[in-house]
S.K.: 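This is the structure I have questions about; it appears just below.
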Amino acid sequence: MLLAVNDSVFVTGGTTAVGSLLLSDLQDSGYRAYCLGRQEINSEASRSWSFVDLEIQGSDLPDLHASVLIHTASIWLLIGWIEKFHRCGVRRIIAFSSTSRFTKQSSASSYEREIVRKLANAEQHISGECERFGIAWTIFRPTLIYGGKGTDRNIADIARVIRKFGVFPLLGSARGLRQPVDACDLASACLKALPVAASYNKAYNLCGGETLTYRDMVARIFETLNKKPVFLPMPLFAFSLAIRVLKWHPRFSHLSASMAKRMQSDLVFDSQDAVHDFGYAPKKFLPSYLNAVAD
């Protein structure tokens with residue numbers, strides 16, 4: 001399908017790290033963006049917000065028309081909605097999954113294994129439904145996302161621990177490799193892939209522009225916050241105990257001991273197909289946004 005610059009775009013997940021940036025990027029590129037979600041986004045002249053709760057399957061979409069949907073919320077929320085978006089004119093979908101589909105398959109955490117199942121099922125559902133309705137789809141699977149005004153739950157959480165305690169706990173040498181990816185680069189990837197036919201009906205693993213160890217990644221966060229890196233080696237049982245305590249706080253309910261174990265694992269992917277197909281160009285790990293984010 002051919003897209004015009006002035007086409008309208010539905011965006012779900014406007015408060016996510018990627019979605020919050022994407023709205024501005026679409027506006028700057030001449031698209032009209034309709035933000036759909038449960039939490040209102042401040043409107044500007046070229047975009048609007050409408051209440052939609054994708055968790056309520058029986059509800060309807062607003063009386064709006066757009067040729068594109070960029071779904072940055074949890075991908076499984078799209079299940080059961082493709083036909084409704086098709087009736088609103090959508091003929092192109094970009095949806096965000098995660099490389100967690102692969103890295104957490106053998107997790108000891110039942111919660112994380114359930115996430116893997118939901119990611120895989122959602123990807124299969126979306127590709128199948130898009131084929132049924134003649135919608136061109138693209139699925140992005142990012143690695144460790146950071147940025148987006150501190151709305152990520154990874155790098156920002158590490159920074160929060162460093163600010164509060166001045167040290168960061170590590171399991172063993174923490175030499176597992178990471179490829180943190182800036183939310184800005186993911187928002188840019190949406191705009192680059194949107195009109196490119198080579199990206200239609202494909203899934204891409206999108207990593208950051210630098211591969212570094214977990215320990216070095218945390219050290220760079222220390223340095224960004226103008227602090228000397230100080231690490232606290234901890235055995236697994238101590239990590240497990242600390243996580244049990246933290247999970248009582250809603251912000252840290254997603255934590256598990258499996259996260260500590262993965263400090264030793266390489267979580268590395270290849271984005272060359274995205275580079276080739278639509279010019280994906282991620283930056284090195286530069287979490288300078290942390291200096292503007294309050295605890």
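Counting from 1, the numbers follow the sequence of the chain as shown.
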S.K.: Evaluate Y280 against Q272 for side chain to side chain contact (heavy atoms under 4.5 Å, CB included), listing each step before the verdict.
M.R.: CA-CA 8 Å; Y280 178 60; Q272 283 306 305; over 6 Å; no
S.K.: Could you walk me through whether Q179 and T99 pass the side chain to side chain contact (heavy atoms under 4.5 Å, CB included) check?
M.R.: CA-CA 11 Å; Q179 297 167 308; T99 53; over 6 Å; no
S.K.: Counting distance only, does the side-chain N/O of Q264 pair as donor-acceptor with the main-chain N or O of G176 below 3.5 Å?
M.R.: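 No.
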S.K.: Under a 4.0 Å N-O cut-off, is there an ion pair linking R132 with E129?
M.R.: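 Looking at E129 together with R132, the answer is yes, because their closest N to O distance falls below 4.0 Å.
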S.K.: Distance check, rounded to the nearest 0.5 Å: D277 atom CG versus Y200 atom OH?
M.R.: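 The distance works out to 12.5 Å.
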S.K.: Regarding S97 and E123, do their side chains bring together a donor and an acceptor under 3.5 Å, going by distance alone?
M.R.: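 A donor-acceptor contact under 3.5 Å links the two side chains.
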S.K.: Taking K118 first and then E114, would you say they form a salt bridge - that is, a charged N and a carboxylate O separated by under 4.0 Å?
M.R.: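 E114 and K118: not salt-bridged.
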S.K.: Distance from I145 atom CD1 to S98 atom OG, nearest 0.5 Å?
M.R.: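 With rounding to 0.5 Å, CD1 (I145) is 7.0 Å from OG (S98).
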S.K.: Is it the case that atom CD in E223 sees more than 12 heavy atoms from other parts of the structure closer than 6.0 Å?
M.R.: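 It does: E223 CD has more than 12 such atoms within range.
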S.K.: Are L206 and F102 connected in a single hydrophobic cluster, I mean Ile/Leu/Val/Met/Phe/Trp/Tyr linked by side-chain heavy atoms less than 4.5 Å apart?
M.R.: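 No, F102 and L206 fall in different hydrophobic clusters.
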S.K.: Quick one: are K104 and I115 in side-chain contact, heavy atoms under 4.5 Å?
M.R.: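 K104 does not reach I115 side chain to side chain.
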S.K.: Indicate the atoms forming the closest heavy-atom contact of S107 with R113, along with that distance.
M.R.: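 For S107 versus R113, the nearest heavy atoms are O-NH1, 2.9 Å.
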S.K.: Between L61 and F10, is any pair of side-chain heavy atoms under 4.5 Å apart?
M.R.: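 No; the side chains remain at least 4.5 Å from each other.
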S.K.: Short question: side chain of T16, backbone of G19 - any donor-acceptor pair under 3.5 Å?
M.R.: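 Yes: the side chain of T16 pairs with the backbone of G19.
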S.K.: Pick from F222, F165, Y214, F168: which one makes a ring-ring contact (aromatic ring centres under 6.0 Å, His included) with F231?
M.R.: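 Among the candidates, only F222 passes.
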S.K.: Do L286 and L186 belong together in a cluster built from hydrophobic side chains that touch within less than 4.5 Å?
M.R.: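 In one cluster: no.
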S.K.: Please check: side-chain N/O of N205 versus main-chain N/O of D270, any donor-acceptor pairing under 3.5 Å?
M.R.: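 Not at all, since once roles are kept as given, no pair shorter than 3.5 Å links the two residues.
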S.K.: Nearest 0.5 Å, what's the CG-CH2 distance between L36 and W49?
M.R.: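 Interatomic distance, L36 CG to W49 CH2, rounded to 0.5 Å: 10.0 Å.
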S.K.: Roughly how far, to the nearest 0.5 Å, is CG of L22 from CG of L26?
M.R.: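 With rounding to 0.5 Å, CG (L26) is 4.0 Å from CG (L22).
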S.K.: A quick test of your reading: do over 12 heavy atoms of other residues, nucleotides or ligands sit less than 6.0 Å from CG of D28?
M.R.: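 Enclosed.
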S.K.: Measure from the side-chain N and O atoms of K192 to the backbone N and O of F278, and report whether any donor-acceptor pair falls under 3.5 Å.
M.R.: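 The answer is no, because no donor-acceptor pair under 3.5 Å joins these two groups.
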S.K.: Using the rule given for side chain to side chain contact (heavy atoms under 4.5 Å, CB included), can you reason through V68 versus Y31, listing the C-alpha separation, both sets of side-chain angles and the distance that settles it, and then say yes or no?
M.R.: CA-CA 10 Å; V68 177; Y31 293 96; 5.9 Å; no
S.K.: Is the number of heavy atoms from other residues, nucleotides or ligands within 6.0 Å of NZ (K84) greater than 12?
M.R.: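 Check passes, neighbour count above 12.
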S.K.: Might you confirm whether atom CD of Q39 has over 12 heavy atoms from other residues, nucleotides or ligands at distances under 6.0 Å?
M.R.: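 Not more than 12 within 6.0 Å, no.
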S.K.: To check you understand the geometry: which heavy-atom pair defines the closest contact between L170 and R215, and what is its length?
M.R.: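 Where L170 meets R215 most closely, the heavy atoms are CD1-NH1, 3.5 Å.
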S.K.: Can you tell me how far CZ of F140 sits from NE2 of H71, rounded to the nearest 0.5 angstrom?
M.R.: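 Answer rounded to 0.5 Å: 14.0 Å.
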S.K.: Check I75 against A122 and note the closest heavy-atom contact, atom names and distance.
M.R.: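 Closest approach of I75 to A122, heavy atoms only: CG2-CB, 3.7 Å.
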S.K.: Backbone N or O of D7 within a donor-acceptor pair of the S67 side chain at under 3.5 Å?
M.R.: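 Such a contact is absent between S67 side chain and D7 backbone.
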S.K.: Between S20 and T15 (side chain of the first, backbone of the second, donor and acceptor by atom type, cut-off under 3.5 Å), is there such a pair?
M.R.: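 Side chain of S20 to backbone of T15: no pair is present.
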S.K.: Enter the distance from F285:CZ to I155:CD1 here, rounded to the nearest 0.5 Å.
M.R.: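 Taking CZ in F285 and CD1 in I155, the distance rounds to 4.0 Å.
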S.K.: Using modelled atom types only, decide if a donor and an acceptor are shared between the side chain of H125 and the backbone of G80 within a distance under 3.5 Å.
M.R.: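 Judged by distance alone, yes, a pair lies under 3.5 Å.
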S.K.: Restricting to non-hydrogen atoms, name the atom on I135 and the atom on N201 that form the minimum distance, rounded to 0.1 Å.
M.R.: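 Taking I135 first and N201 second, the nearest heavy atoms are O-OD1, 3.9 Å.
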S.K.: Starting from the C-alpha separation in whole Å, work towards a yes-or-no answer on ring pair (Phe, Tyr, Trp, His ring centres under 6.0 Å) for F85 and F133.
M.R.: CA-CA 10 Å; F85 277 109; F133 291 107; over 10 Å; no
S.K.: Check whether any side-chain heavy atom of Y34 lies under 4.5 Å from a side-chain heavy atom of S8, and answer yes or no.
M.R.: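 They are in contact (side-chain heavy atoms under 4.5 Å apart), so the answer is yes.
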S.K.: Taking all non-hydrogen atoms of both residues into account, name the closest pair between P62 and V52 and its distance.
M.R.: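 Looking at all heavy atoms of both residues, the shortest contact is CD-CG2, 3.5 Å.
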S.K.: In the single-linkage hydrophobic clustering (I, L, V, M, F, W, Y; side-chain heavy atoms under 4.5 Å), do V116 and L267 co-cluster?
M.R.: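 Cluster IDs for V116 and L267 differ.
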S.K.: Taking the side chain from W137 and the backbone from I126, do they hold a donor-acceptor pair closer than 3.5 Å?
M.R.: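 Between the backbone of I126 and the side chain of W137 there is no qualifying donor-acceptor contact (under 3.5 Å).
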S.K.: Minimum heavy-atom separation for T143 to G208, with atom names?
M.R.: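 Scanning both residues, the minimum pair turns out to be OG1-N, 3.8 Å.
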S.K.: Quick one, R141 with Y204, criterion side chain to side chain contact (heavy atoms under 4.5 Å, CB included). Give me CA distance, side-chain angles, the key distance, then yes/no.
M.R.: CA-CA 6 Å; R141 303 187 192 108; Y204 296 91; over 6 Å; no
S.K.: Would you check if the side chain of T213 reaches a backbone N or O of D216 as a donor-acceptor pair within less than 3.5 Å?
M.R.: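 Checked: pair present.
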S.K.: Please check if V218 and V268 belong to a single hydrophobic cluster, counting links between Ile, Leu, Val, Met, Phe, Trp and Tyr side chain heavy atoms closer than 4.5 Å.
M.R.: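 Different hydrophobic clusters.
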S.K.: Picking from K261, R117, R262, R101, what satisfies salt bridge (charged side-chain N to carboxylate O under 4.0 Å, His left out) with E112?
M.R.: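 When salt bridge (charged side-chain N to carboxylate O under 4.0 Å, His left out) is applied between E112 and each of K261, R117, R262, R101, only R262 qualifies.
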S.K.: Flag the pair P180 / L212 as yes when at least one side-chain heavy-atom distance between them is below 4.5 Å, and no otherwise.
M.R.: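 Answer yes - side chains close enough.
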